[in-house]
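Note on naming: letters A, B, ... go to the chains in the order of the sequence lines (proteins, then strands), and numbering restarts at 1 for each one.
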Amino acid sequence: MKKGDHLFLVDGSGYIFRAYHALPPLTRKSDGLPVGAVAGFCNMLWKLLQNARDTDVGVTPTHFAVIFDHSSKTFRNDLYPEYKANRSEPPEDLVPQFGLIREATQAFDLPCIEMAGFEADDLIATYARLASEAGGETTIISSDKDLMQLVTDHVSMYDPMKDREIRIPEVIEKWGVPPEKMIDLQALTGDSVDNVPGVPGIGPKTAAQLLEEYGDLDTLLSRANEIKQNKRRENLIEFAEKARISRELVKLRIDVPVEHGIDTFELAPPDGPKLIGFLKAMEFSTLTRRVAEATGAEVAEIEAAHVEVEAGESAHGPDLDPSPAESDGDAATPAKLAAGIAEACAAQTFDHAGYECIRDLDTLKLWVEEACETGILAFDTETTSLDPMQAELCGFSLATKPGRAAYVPLNHKSGDGDLLGGGLIEDQIPQKDALEAIKAVMANPAVLKIGQNLKYDWLLMYRLGVEIVGVDDTMLMSYVLDAGTGSHGTVSHGMDALSERWLGHKPIPYKELTGTGRKQVTFDMVDLERATAYAAEDADITLRLWQVLKPRLAAEGLVSVYERLERPMIPVIGRMEHRGVAVDRQILSRLSGDFAQTAAGIEDEIYELAGERFTIGSPKQLGEILFGKMGLPGGSKTKTGQWSTSAQVLEDLAAAGHELPRKIVDWRQVTKLKSTYTDALPGYINPETKRVHTSYALASTTTGRLSSSEPNLQNIPIRTAEGRKIRTAFVAPEGTKLISADYSQIELRVLAHVADIPELKKAFADGLDIHAMTASEMFDVPVEGMPPEVRRRAKAINFGIIYGISAFGLANQLGIPREEASAYIKRYFERFPGIKDYMDSTKAQAREQGYVETVFGRRAHYPEIRSSNPQLRAFNERAAINAPIQGSAADIIRRAMARMEGALADAGLEDVQMLLQVHDELIFEAPESKVEKAIPVICEVMENAALPARALSVPLQVEARAASNWDEAH
DNA sequence: GTGGTCTCCTA
DNA sequence: GTAGGAGACCACA
């Protein structure tokens with residue numbers, strides 16, 4: 001190395017952590033291996049090296065090395081055993097990336113330097129000194145404050161994330177002291193992340209001011225008795241020794257006996273094929289292309305064979321093996337790491353007394369700062385209601401690492417006092433101030449906010465003007481991992497169940513604080529000590545669950561399911577619920593009146609026919625009248641031995657000429673419409689927004705569908721003319737329209753794709769009537785002039801297939817003998833043998849591995865498919881056949897929803913708002929002037945929703961329409 | 001008040 | 001035959 005040369009030193013270890021938290025998570029498509037930090041690292045190296053070639057841009061390195069920490073134990077631990085002692089394990093989807101980043105460095109043909117007993121920072125300091133002594137310049141690729149002490153006229157730093165150079169003026173600007181005083185400054189402030197003690201009560205501002213006044217640490221400590229502020233003086237005297245130790249801890253060693261001389265770092269031209277081989281193995285397509293372009297086209301041609309070897313080798317390497325099954329030895333596979341983490345977490349204990357109750361703004365700000373440093377923040381709100389659209393905030397809790405959690409009470413009231421329950425407890429941070437203090441960290445995607453059922457907290461905070469960006473949800477992780485496990489899919493993804501299962505810890509029951517029944521109080525009435533124990537524990541548990549579940553995602557290859565299909569739904573569904581839908585109270589009220597009148601008329605006729613008054617709505621009483629008193633031929637019995645009075649039974653009796661059963665059916669229809677819809681819906685109109693805000697459950701179904709409740713807007717009537725009237729009450733406000741866009745036959749299309757049925761695929765490709773085509777194939781009837789009854793039967797069979805057909809079910813549906821239904825199914829399987837194959841292989845898969853998968857890799861578990869109970873087994877087989885079809889369709893519309901807002905915004909349609917989802921349909925509200933432009937955008941997003949992840953072999957078709965109410969729009 | 005049963009609304 | 005949620009009734013506490 002000589003004068004004019006320029007050494008680049010990349011702080012590899014620092015970069016990994018920073019990239020992991022700052023960059024969007026990324027997984028290798030083929031197996032879900034987490035590679036986000038590796039991707040960032042490769043992109044950065046490539047950019048830096050490009051500058052080396054293009055001499056017009058940026059600084060040109062002549063020497064280049066990447067420096068890593070070797071292990072956690074260094075000479076600093078001998079100085080101060082607690083050094084870095086409170087540092088938690090790295091996130092588990094980061095762990096496999098450590099090895100990969102070293103491999104990446106080697107693929108770039110760059111020196112990969114590390115040394116036992118020393119941190120990367122010490123090596124960097126030593127090399128920077130050596131370079132300066134040789135007359136060269138040094139750029140340290142890092143933004144770590146610990147390295148800023150090294151900055152001189154010839155040593156600068158470069159923050160690759162912010163594309164910013166850090167020289168002497170930048171250090172002074174940021175810290176208030178020049179680089180050479182950084183060591184003293186850090187000695188005073190300490191570092192909570194690395195557990196450097198420092199002097200309590202002294203932050204960067206105070207430290208800079210003191211150093212300005214006294215010059216350096218030794219002078220300051222020796223003259224500490226001159227300090228005016230009592231507390232500060234006492235601390236400086238008491239903790240002088242801690243400050244001196246801290247100085248030794250933060251001072252970097254410039255005399256490490258390095259093994260590799262600086263001259264060995266000389267930059268050579270990149271080995272294109274080697275690098276491309278690695279990048280291809282990582283599946284970084286964009287960068288692979290760039291590198292291929294930059295290194296010449298022919299390199300791209302020879303690369304194929306080379307990559308094959310690299311990919312093959314790496315697939316067996318310990319750091320790359322993502323499969324839990326076939327690992328050998330003590331290799332640190334993601335699965336083993338996940339299991340280890342789970343075991344360690346289950347062994348940890350909980351200390352309620354260790355939780356903090358935050359009652360002043362400064363303390364809250366310290367916690368926020370800490371979260372910014374760790375990049376991780378478990379978050380939970382405590383409120384007065386389960387409805388996030390009506391709830392008032394009582395307080396919120398935070399956790400930054402296991403056992404370190406706090407509750408921030410905001411609106412707690414004292415339990416005693418007058419009838420109103422006393423006033424606000426003193427020393428609570430005003431809500432406005434607290435929200436202001438956390439707003440930035442909540443919006444910062446580099447700090448991961450971890451929640452349990454975070455959609456609730458997201459929506460509540462959104463209502464209060466705080467948007468949360470950068471989220472993880474332990475409930476959704478559990479759902480992705482374990483949907484359907486447990487008998488009848490009874491496994492709960494609720495926090496209490498997860499805590500007991502994974503942490504072996506039973507949380508404080510909510511009811512223990514608030515009581516139950518008439519005496520139940522809202523959370524803001526709970527005293528702060530118990531509220532803190534409960535609320536902080538929730539955040540603590542959430543954080544620990546995250547530590548267990550996140551690595552499992554990688555270990556089980558489910559990262560992309562979580563990232564693509566679950567996590568994006570939190571803000572999307574959150575906004576949909578927040579918008580709600582306009583419902584016309586007058587229309588419902590008028591319909592209620594109409595239904596009441598109709599019902600009253602029918603009731604009179606029923607009493608007349610029955611010869612007495614009775615409770616028509618009681619199946620028990622009704623059964624006694626029909627099958628006892630009137631002696632009608634009873635159909636089936638229910639499982640409790642009662643006569644069934646189901647619509648089917650009553651219809652059959654009506655068809656046989658009996659008058660009363662018909663009246664009962666009619667009465668049931670109108671009373672159902674009245675009680676469930678026209679009477680109930682107005683009660684859900686939010687008094688503030690005047691709209692109805694349903695709640696979508698993201699983790700309630702085994703297949704991946706959403707469910708809707710309070711009210712359920714996914715079962716609004718449509719089949720009968722009377723029922724449809726209810727849809728006219730769902731309206732578009734003045735000046736807007738409702739747009740309804742629904743997938744045509746999406747499940748049959750998915751079936752055609754997954755079972756690979758050429759006839760079905762062709763029919764869809766040609767835009768034919770699929771049920772008529774099926775009928776034509778099965779019954780040898782031409783599509784032209786086909787009797788409706790024939791088509792109806794084919795349609796029932798098609799649906800039956802999706803539901804995991806049985807002769808019994810089909811016979812019931814069509815009202816034909818079981819033998820006939822059986823013959824239909826046989827015929828169907830003969831005409832479409834692929835269907836039978838699909839069903840058999842799906843059942844076999846479910847039996848062997850316990851779950852089936854959607855096209856996008858979502859799993860649905862059916863453990864009971866191995867049951868010896870034939871009924872239970874058959875039920876699970878049908879469900880297992882259905883799940884990939886229903887679930888893939890659910891995945892597709894989720895993908896469409898995740899992309900919709902962005903696509904609309906890109907088209908200048910941000911005021912077109914997605915309101916509702918009904919499994920294969922999306923409902924939007926749009927300004928009238930935007931309708932025409934919005935419809936094609938919506939259809940485009942929905943029809944292409946499977947891409948680019950999967951190319952379906954069948955086109956998806958969407959029909960969309962706009963009108964002023966839901967009935968006309970659909 | 002809570003939970004089970006029956007019935008019925010949707011995709 | 002799949003996947004859901006909800007209201008009414010009724011027996012139990």
OP1 or OP2 of [N] versus the side-chain N and O atoms of [X]: is any pair under 4.0 Å?
X: A/Thr638; N: B/dC6; value: yes
X: A/Arg719; N: B/dT10; value: yes
X: A/Ser644; N: B/dC6; value: no

Testing the basics here: between A/Glu820 and A/Ile816, what is the closest heavy-atom pair and its distance to 0.1 Å? OE1-CB, 3.8 Å
Euclidean distance, atom [atom1] of residue [X] to atom [atom2] of [N] [Å, nearest integer]:
X: A/Gln642; N: B/dC6; atom1: CD; atom2: C1'; answer: 9 Å
X: A/Trp966; N: B/dA11; atom1: CH2; atom2: P; answer: 8 Å
X: A/Ile892; N: B/dA11; atom1: CD1; atom2: P; answer: 18 Å
X: A/Ile616; N: B/dC6; atom1: CD1; atom2: C1'; answer: 16 Å
X: A/Leu922; N: B/dT10; atom1: CG; atom2: P; answer: 19 Å
X: A/Lys620; N: B/dT7; atom1: NZ; atom2: P; answer: 14 Å
X: A/Glu651; N: B/dT7; atom1: CD; atom2: P; answer: 14 Å
X: A/Asn882; N: B/dA11; atom1: CG; atom2: C1'; answer: 11 Å

Does CZ in A/Arg818 sit with more than 12 non-hydrogen atoms of other residues, nucleotides or ligands closer than 6.0 Å? no
Give the ring-plane orientation class for A/Phe627 versus A/Trp643, where under 30° counts as parallel, over 60° as perpendicular and anything between as tilted. tilted
If we count only N and O atoms by modelled type, under 3.5 Å, do the side chains of A/Asn965 and A/Thr728 hold a donor and an acceptor together? no
Contact class for [X] vs. all strands (heavy atom < 4.0 Å): base, sugar-phosphate, or nothing?
X: A/Ala796; value: base
X: A/Ser806; value: base
X: A/Gln621; value: sugar-phosphate
X: A/Thr671; value: nothing
X: A/Arg705; value: base
X: A/Ala647; value: sugar-phosphate
X: A/Arg668; value: sugar-phosphate
X: A/Ile881; value: nothing
X: A/Gly617; value: sugar-phosphate
X: A/Thr516; value: nothing
X: A/Ile802; value: nothing

With rounding to the nearest 0.5 Å, note down the distance linking CG in A/Leu459 to NE2 in A/His578. 6.5 Å
Do A/Ile923 and A/Gln917 have side-chain heavy atoms sitting under 4.5 Å apart? no
What about A/Lys672: does its side chain form a donor-acceptor pair under 3.5 Å with the base of B/dC9? no
Result for side-chain contact (heavy atoms from CB on, under 4.5 Å) between A/Ile835 and one of A/Ile881, A/Ile805, A/Asp840, A/Leu751 points to A/Leu751
Determine, for A/Glu566 against A/Lys455, whether the closest basic-nitrogen to carboxylate-oxygen distance falls under 4.0 angstrom. no
Can you pull the contact range of chain A along DNA chain C, 5' to 3', using atoms under 4.0 angstrom from its heavy atoms? C/dG1 to C/dA11
